[in-house]
Amino acid sequence: MKVLVVGKGGREHALVWKLAQDVRIETVYAAPGNVGMTEAVCVPIREDAIEELVQFARDEQIDWTIVGPEGPLVLGIVNAFQAAGLQIFGPSREAAAIEGSKQFAKALMDRAGIPTADHAVFTSAAEAIAYIRRQGAPIVVKADGLAAGKGVTVATTIEQAVQAIDEIFAGDFGQQSSVVIEECLVGEECSLMAFVHEETVLPMVLSQDHKRAFDGDTGPNTGGMGAYSPLPQFDEQAVTEEAMQRVLRPLVEQMASEGIPFTGFLYAGLMLTSRGPSVIEFNARFGDPETEVILPRLETELLDVIMPLMQGDVPEVVWSDDAVVGVVIAANGYPEQPVTGQPVSTDTIGSNLLVFHAGTAAGDDDVILSAGGRVLVCVAKANDMKQAVASVYSGLDSFDRTGFFYRTDIAKKAFRTI
């Protein structure tokens with residue numbers, strides 16, 4: 001078989017890495033991919049160039065296409081591939097609106113009775129600011145549309161919230177016409193993803209992302225500075241069962257009943273509150289960097305999940321009991337103004353680590369250069385979390401950090417009782 005992965009980041013590199021282990025797959029293509037994806041044939045087609053991607057899949061007789069990022073999903077890549085008679089795994093444009101519009105997602109959750117933060121939507125900066133002053137802080141401000149994981153501000157003061165409103169309506173996170181303001185939920189966050197086809201939902205193992213830029217959960221929100229799985233501080237089975245009952249199943253059933261059934265990787269960002277799991281956000285694709293720690297635990301071949309699922313069957317999904325920890329190496333200045341074009345010394349990273357390229361490009365003389373805010377995701381797998389943490393950081397001891405930084409406390413929360 002031939003498989004195409006659409007995207008260019010660490011999540012897509014992890015997908016390519018997983019697919020390349022399947023002996024049935026002759027070639028894995030990545031569009032556009034990145035310099036680190038040596039397991040794939042990279043093709044210079046942008047992830048949003050949907051017509052070109054359809055034509056490439058036709059010409060190369062691609063058996064399956066798997067979409068990594070949210071952008072092409074919201075643009076309707078699945079609709080276009082299906083119209084061309086091509087097999088693709090992901091949600092339609094209409095279903096991808098659960099990520100493309102936070103306002104749409106909130107209204108859908110309300111109709112489905114899914115627990116989430118109280119919220120209000122505004123199209124006027126002045127009205128939003130007046131609401132914030134009435135509500136007080138802490139409060140959460142979210143750009144309504146796609147913002148590459150950086151359009152969310154957890155404001156501890158009214159001044160921070162007002163600044164976030166000004167930035168959103170000034171276009172700092174792309175073209176935004178509205179803002180969602182939410183109560184600030186209290187609890188511990190986790191990510192629950194699932195393989196979904198219409199009303200069949202197969203939950204993955206839990207993971208936890210680290211959104212803040214610096215140690216101790218300080219600094220600005222980012223797209224994610226690291227992740228780990230499993231979460232030994234929780235009763236994972238109980239959390240998963242409750243989230244399936246109260247969140248995932250109600251969502252997919254509601255979407256199916258409204259004529260917008262969901263197919264693809266469904267991501268639920270959850271806050272585990274004293275009242276149970278509450279939804280922070282839904283994404284219409286694999287999380288990043290959660291993918292990089294989830295896929296190393298997946299023992300079933302990815303296509304052995306996707307193909308039966310798409311045929312209406314319920315495949316068995318087998319997960320490793322091992323612990324996996326991933327640390328993001330980011331460019332200095334990330335997330336506000338990352339410095340790019342810096343040499344990346346991947347050869348100084350320990351051979352014990354999986355290295356997924358997230359934002360890299362080829363320079364002269366085979367030098368790898370940084371080409372984004374998040375540059376690499378370095379992953380260790382071990383029998384338990386203590387060993388995995390020790391392994392990932394020992395593997396980074398010799399890395400040349402000039403121009404880069406990473407958090408040194410990824411998975412620290414796994415060692416405390418909640």
Steps toward side chain to side chain contact (heavy atoms under 4.5 Å, CB included) verdict (Leu353, Leu396): CA-CA 9 Å; Leu353 302 187; Leu396 291 174; 4.3 Å; yes

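- Environment of CD in Glu299: crowded, with over 12 heavy atoms of neighbouring residues, nucleotides or ligands closer than 6.0 Å.
- For the pair Thr360 and Val375, the minimum side-chain heavy-atom distance is below 4.5 Å.
- Between Lys142 and Glu182 a salt bridge is recorded (basic side-chain N to carboxylate O distance below 4.0 Å).
- Expressed to the nearest 0.5 Å, how far CG of Leu73 lies from CD1 of Ile50 amounts to 9.0 Å.
- Judged by distance alone, with hydrogens and angles left aside, the side-chain atoms of Asp217 form no donor-acceptor pair with the main-chain N or O of Arg212 at under 3.5 Å.
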field: Working for salt bridge (charged side-chain N to carboxylate O under 4.0 Å, His left out), residues Glu47 and Lys8
entry: CA-CA 8 Å; Glu47 57 197 32; Lys8 61 184 179 181; 5.3 Å; no

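- Judged purely by atom type and a 3.5 angstrom limit, Ser101 has no side-chain atom pairing as donor or acceptor with the backbone of Ala97.
- Going from atom CE of Met307 over to atom CD of Glu301 covers 10.0 Å, rounded to the nearest 0.5 Å.
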- request: Would you sort out whether Val201 and Met244 count as a side chain to side chain contact (heavy atoms under 4.5 Å, CB included), showing the intermediate values?
  value: CA-CA 8 Å; Val201 184; Met244 284 285 289; 3.8 Å; yes

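- Side-chain N or O atoms of Lys381 include one that pairs as donor or acceptor with a backbone N or O of Pro296 at under 3.5 Å.
- Using modelled atom types, one finds a donor on one side chain and an acceptor on the other under 3.5 Å when comparing Gln237 with Glu241.
- Remark: side-chain polar atoms of Ser178 are not paired, donor with acceptor, to backbone N or O of Phe122 under 3.5 angstrom.
- For the pair Ile98/Met255, a side-chain contact is recorded, criterion being any heavy-atom separation below 4.5 Å from C-beta on.
- Side chains of Glu159 and Gln163: no donor on one and acceptor on the other come within 3.5 Å.
- Counting heavy atoms from C-beta on, the side chains of Pro69 and Arg11 come closer than 4.5 Å.
- Heavy atoms only, all atoms of each residue included: Pro289 and Asp209 are closest at CD-OD1, 3.5 Å.
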query: Given the rule in the side chain to side chain contact (heavy atoms under 4.5 Å, CB included) test, do Phe81 and Leu53 qualify, once you have shown the distances and angles that lead to the verdict?
result: CA-CA 9 Å; Phe81 268 65; Leu53 290 167; 4.1 Å; yes

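- At distances below 3.5 Å, at least one donor-acceptor pair connects side-chain atoms of Asn34 with backbone N or O atoms of His357.
- The side-chain heavy atoms of Phe286 and Met204, taken from C-beta on, include a pair separated by under 4.5 Å.
- Between Ile294 and Trp319 the shortest side-chain heavy-atom distance falls below 4.5 Å.
- Between the OG1 atom in Thr240 and the CG atom in Leu192 there is a gap of 5.5 Å [rounded to 0.5 Å].
- Gly216 and Asp409 make their closest contact through N-OD2, 2.7 Å (heavy atoms, listed as atom of the first residue, atom of the second, distance).
- Residues Arg24 and Asp304 are paired through a salt bridge, judged by an N-O separation under 4.0 Å between the basic side chain and the carboxylate.
- Val140 has its side chain out of reach of Ile280: every pair of non-hydrogen atoms, C-beta onward, lies at least 4.5 Å apart.
- When atom types are taken as modelled, the side chain of Lys106 and the backbone of Val121 share no donor-acceptor pair closer than 3.5 angstrom.
- For the 3.5 Å distance criterion, the side chains of Asp215 and Thr408 qualify, holding a donor opposite an acceptor.
- In this structure a side-chain-to-backbone donor-acceptor pair under 3.5 Å is missing from Gln337 to Gly333.
- When side chains are defined from C-beta on, Phe282 does not count as touching Tyr267, because their heavy atoms never get closer than 4.5 Å.
- The closest donor-acceptor contact from the side chain of Ser124 to the backbone of Glu127 lies under 3.5 Å.
- The line from CG of Leu272 to CG of Leu206 is 8.0 Å long, rounded to the nearest 0.5 Å.
- Ring to ring, His197 and Phe89 are not that close: their centroids are 6.0 angstrom or more apart.
- Across every non-hydrogen atom of Ala382 and Ala388, the tightest pair is CB-N, 3.5 Å.
- Counting heavy-atom neighbours within 6.0 Å of Asp59 CG, excluding the residue itself, gives a total above 12.
- Residues Thr116 and Ser278 approach most closely at CA-OG, 3.2 Å, considering heavy atoms.
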message: Applying side chain to side chain contact (heavy atoms under 4.5 Å, CB included) to Gln208 and Glu188, what does each step give before you reach the verdict?
response: CA-CA 9 Å; Gln208 187 174 73; Glu188 192 78 12; 3.2 Å; yes

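- Put simply, the side chain of Glu12 gets close to the backbone of Gly9: a donor and an acceptor are under 3.5 Å apart.
- Defined by atom type and a distance below 3.5 Å, a donor-acceptor pair is missing between the side-chain atoms of Gln103 and His119.
- The closest donor-acceptor contact from the side chain of Gln21 to the backbone of Trp17 lies under 3.5 Å.
- Under the 3.5 Å distance criterion, with hydrogens and angles disregarded, a donor-acceptor pair is assigned to the side chains of Asn79 and Glu94.
- The CE atom of Met109 sits 10.5 Å away from atom NZ of Lys102, with the distance rounded to the nearest 0.5 Å.
- Residue-environment remark: CD (Gln245) stays at or below the threshold of 12 foreign heavy atoms within 6.0 Å.
- Atom CD in Glu60 sits 5.0 Å away from atom NZ in Lys2 (nearest 0.5 Å).
- Contact annotation: the side chain of Thr222 never approaches that of Val328 to less than 4.5 Å [non-hydrogen atoms, C-beta and beyond].
- Annotation for Ile260 and Phe104: closest pair CD1-CZ, 3.7 Å, computed over non-hydrogen atoms.
- Checked against ring pair (Phe, Tyr, Trp, His ring centres under 6.0 Å), Tyr406 has no partners two or more places apart in sequence or in another chain.
- Of all heavy-atom pairs between Ser370 and Phe404, the closest is CB-CE2, 3.8 Å.
- Between Arg246 and Glu242, at least one side-chain N (NZ, or NE/NH1/NH2) sits under 4.0 Å from a carboxylate O, which counts as a salt bridge.
- Ring orientation note: the planes of Phe214 and Phe405 are tilted relative to one another, at an angle of 30° to 60°.
- The 12-atom threshold is not exceeded at NZ of Lys412, counting heavy atoms of other residues, nucleotides or ligands nearer than 6.0 Å.
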